[in-house]
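A short worksheet on the structure shown next.
Per chain, numbering begins at 1; letters A, B, ... match sequence-line order. Just the heavy atoms: all of them, side chains too, but no hydrogens, waters or symmetry mates, feed the values below.
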Amino acid sequence: MLDHLGQTKRTHNCGELRKEHAGQMVTLMGWVNSFRDHGSVLFVHLRDREGITQVIFDENHNLELLTRGKQARAEYVLAVTGKCVLRDEKNYNPNMATGEVEIIAEELKVLNDCQTPPFEIDNCKASEELRLKYRYLDLRRPEMQSNFRLRHQLALAARRVLDEEGFYEIETPILTKSTPEGARDYLVPSRTSPGKFFALPQSPQLFKQLLMIAGYERYFQIARCFRDEDLRADRQMEFTQIDLEMSFVQPDDVFNVIEPLICEFFKVVGIEPPARPFPRMSYKEAMNRYGSDKPDLRFGLEFVDLSAQFEGGAFTVFAEAVKKGGVVKGIVVPGAAQWSRKHFDEILELAKRYGAPGLAYVQVLEGESKSSLAKFLGTDGINALIKTAGAKAGDAILMIGGKWDVVCTSLGAVRLEVSRRENLIDENEYRLLWVVDFPMFEYHDDDKRWYAMHHPFTSPIDEDLDKLEGGDLGSVRAKAYDLVFNGNELGGGSIRIHRSDVQAKVFKALGLTEEEAREKFGFFLDALSYGTPPHGGIALGLDRIVMLFAKAKSLREVIAFPKVASGSDLMTDSPSAVTPEQLAELKIKTLV
RNA sequence: GGAGUCGUAGUUCAGUUGGUUAGAACGCCGGCCUGUCACGUCGGAGGUCGCGGGUUCGAAUCCCGUCGGCUCCGCCA
């Protein structure tokens, strides 16, 4: 039989009672975390958001109440009133914050019962699939509740810091206009304009720029963004950004807002904040030294350029690569001289997945070193190589030669894999940096045209403005920057174009005719011409920030109701079919 | 779109070379138990081996297909 809550009021939560409370009458409400029935005495651990407290039902104290208490099962919802008492010292439970006290039940209300849960909340060993199907149960687990407390605290800190810095929080539309650049849009059919569609925003990009044009000077929003692309452990189709924009600024001004904000996050989680200013590295340098535009600086394995060693040499594969304008780069891996052939082969396979033509290596030994290159370079050549690379006995040098970007990217992947295999990452270290001076454009071989690397409203750096016309678009640098945290891209932004003439040149460079530009961004181009202040901003991935501070392996651990890799929601079983009537109303026919 | 990997009781897993009645732990149900907090103890129930097809005297096991989860490539800032 269930009881009504009635006028019973909770006096304390399940995490706050200490020995100072001994002697007080208290009322707790929560879920049965566990129970142990000893016949004439029953122990119940009652759990709520704040913690767990032990409640005792005792035959000598109240037989009728004990009998009723014994009906409780896992996850029943109880209201218990009783006296908080100090436990005998030998009965302290040091594993519980409330372990020095317990509640002797005087009154019990069973507010609700519970089916046998599909997995134990207290001791969850369930697969992620099952956890997601019963997400509301999964979210009861203290580990998950702690993730969402952290998420709340970080979002709150962001609001506090940005408010102190003079930012207004302003909402922008969720139903907006499809823009073909960038990621695939989620489309929403318009009933009132049959055959036409809204798009869900990939980011509030244009709206926040319009707010600058509108004179709001400093805007921020904790904004939901949508991208119809395949998911990853660190990528959901629907995610949250701390999005902001500022007027009359250069990149430094943005950094000077973001760095204190990030430091505040460290304070919230109780970790010593990193030193400021955060280091900065150009895109080119990051690629050259680490093979990534989001280098993980928690470990070394920096690239050594070995092009000069191979130029014109007997190892024709590498010599040819250099001759054609490519490079040969290597990393020195401590201890890897002992690796098995199989181990090297696995690394080679990885490099190939990233487009590397091959992978050469030298196993550096006390006496003669081992390498497949020995027959080309001779002992002297190998020794010279070892010296240039700075390798010691016991190390191995892994080398890739070819086109610059392929070498950097594939060796970067090798560097990361090696760091994992060799356990080179200190999980308690936090390394932040700004990656700056990104290329403005990147060339896509498949459709033979240039694309904006960031987005087409990014300002080129002043010195490169001239290069927009007449030529070498690949060398134009953008006033764009990414914030990188332990090898993860936490956010990115740029100073925007505020002049119509510059914007027109960029569109032209991207191959957009004036008519196309007008059709796609006409409203925005109009706005640009009405006194746009210089402005710029950034967006930080809130989910990723929470994930990193929570040391979670996937975004799904810090998003309350996430999608799985295939893009569906296992709890609601969405997406799902809709009725023919719904489609008819929208004038939509499906092809499947 | 592609690659790898996993799918057996409510859950997590084991399951030998293809062999007779598919096991364990936890959970669940019932009994006993006054100090447990991973309680203990006695007993019990619980299986479409993801699904479909094939090979075989015989399939959880081998083959083909398919569905679903995870990780990655492509894609994505």
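Of the N and O atoms on the side chains of A/D185 and A/Q202, at least one donor lies less than 3.5 Å from an acceptor on the other residue.
A straight line from CZ of A/R73 to P of B/rC28 spans 8 Å, rounded to a whole angstrom. A/L570 places its CG atom 12 Å from the C1' atom of B/rC70, with the value rounded to the nearest Å. The NZ atom of A/K563 sits 18 Å away from the C1' atom of B/rG68 (whole-angstrom rounding). Rounded to whole angstrom, the span from the CZ atom of A/F57 across to the C1' atom of B/rU36 amounts to 14 Å. Atom CZ in A/R135 sits roughly 15 Å away from atom P in B/rG69 (whole-Å rounding). What separates CD of A/E129 from P of B/rC67 is a distance of 15 Å, to the nearest Å.
Across the C1' atoms, B/rG54 and B/rA9 are found 28 Å apart, a figure rounded to whole Å.
Electrostatic pairing of A/R47 and A/E75 counts as a salt bridge here, judged by a charged N lying under 4.0 Å from a carboxylate O. At a threshold of 4.0 Å, the pair A/E106-A/K83 does not count as salt-bridged, since none of the basic side-chain nitrogens sits closer than that to a carboxylate oxygen. A salt bridge links A/D543 to A/R151: one of the charged nitrogens lies within less than 4.0 Å of a carboxylate oxygen.
Under the 4.5 Å side-chain criterion, counting only non-hydrogen atoms from C-beta, A/Y290 is in contact with A/L297. Inter-residue side-chain proximity for A/W31 and A/N112 is flagged as unmet; no heavy-atom pair is nearer than 4.5 Å. Between A/N288 and A/K329 the shortest side-chain heavy-atom distance falls below 4.5 Å. In this structure, A/K208 and A/M246 have side chains that are not in contact, with every pair of non-hydrogen atoms separated by 4.5 Å or more.
Heavy atoms of A/T53 sit nowhere under 4.0 angstrom from any nucleic acid atom. No engagement by A/Q115 is indicated, since no non-hydrogen atom pair under 4.0 Å with the nucleic acid exists.
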Produce the list of close N/O pairs, under 3.5 Å, pairing protein atoms with atoms of nucleotides 37-39 of chain B; give distances to one decimal.
from: B/rC37; atom 1: O4'; to: A/R36; atom 2: NE; distance (Å): 3.2
from: B/rC37; atom 1: O2; to: A/H45; atom 2: NE2; distance (Å): 3.3
from: B/rC37; atom 1: O2; to: A/N93; atom 2: ND2; distance (Å): 2.9
from: B/rC37; atom 1: N3; to: A/R87; atom 2: NH1; distance (Å): 2.8
from: B/rC37; atom 1: N4; to: A/R87; atom 2: NH1; distance (Å): 3.4
from: B/rC37; atom 1: N4; to: A/N91; atom 2: O; distance (Å): 2.6
from: B/rC39; atom 1: OP2; to: A/R36; atom 2: NH1; distance (Å): 3.4
from: B/rC39; atom 1: N3; to: A/H38; atom 2: NE2; distance (Å): 3.4
from: B/rC39; atom 1: N4; to: A/D37; atom 2: O; distance (Å): 2.8

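Annotation: proximity of residues 549-561 of chain A to RNA chain B (heavy atom, distance under 4.0 Å) is found for A/R556, numbered in ascending order.
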Quick one, give me the B/S/- string for nucleotides 5-13 of chain B, reading 5' to 3', where B means a protein heavy atom under 4.0 Å from the base and S means that only happens at the primed atoms, P, OP1 or OP2. -----SSS-
Letter per nucleotide, 5' to 3', of nucleotides 72-77 of chain B [B base touched, S only sugar-phosphate touched, - untouched; heavy atoms, 4.0 Å]: SBBBBB
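Pairing for B/rC33 is absent, judged as Watson-Crick or G-U wobble with the two contacts each under 3.5 Å.
Using a distance-only test at 3.5 Å, with no hydrogens or angles considered, a donor-acceptor pair links the side chain of A/S554 to the main chain of A/R556.
Applying the side chain to side chain contact (heavy atoms under 4.5 Å, CB included) test to A/V41 and every residue at least two apart in sequence or in another chain returns A/H38, A/F43, A/I56. The side chain to side chain contact (heavy atoms under 4.5 Å, CB included) check on A/R224 picks up A/F226, A/E238, A/T240, with sequence neighbours excluded.
Scanning both residues, A/G487 and A/V484, for their nearest heavy atoms gives N-CG1, 4.0 Å. Between A/C14 and A/D48, the shortest heavy-atom contact is N-OD2, 2.8 Å.
Taking only side-chain nitrogens and oxygens, A/S566 never comes nearer than 4.0 Å to OP1 or OP2 of B/rC67.
Taking the six-membered ring where the residue is Trp, A/H12 and A/H21 present perpendicular rings, their angle passing 60° and hence far from 30°.
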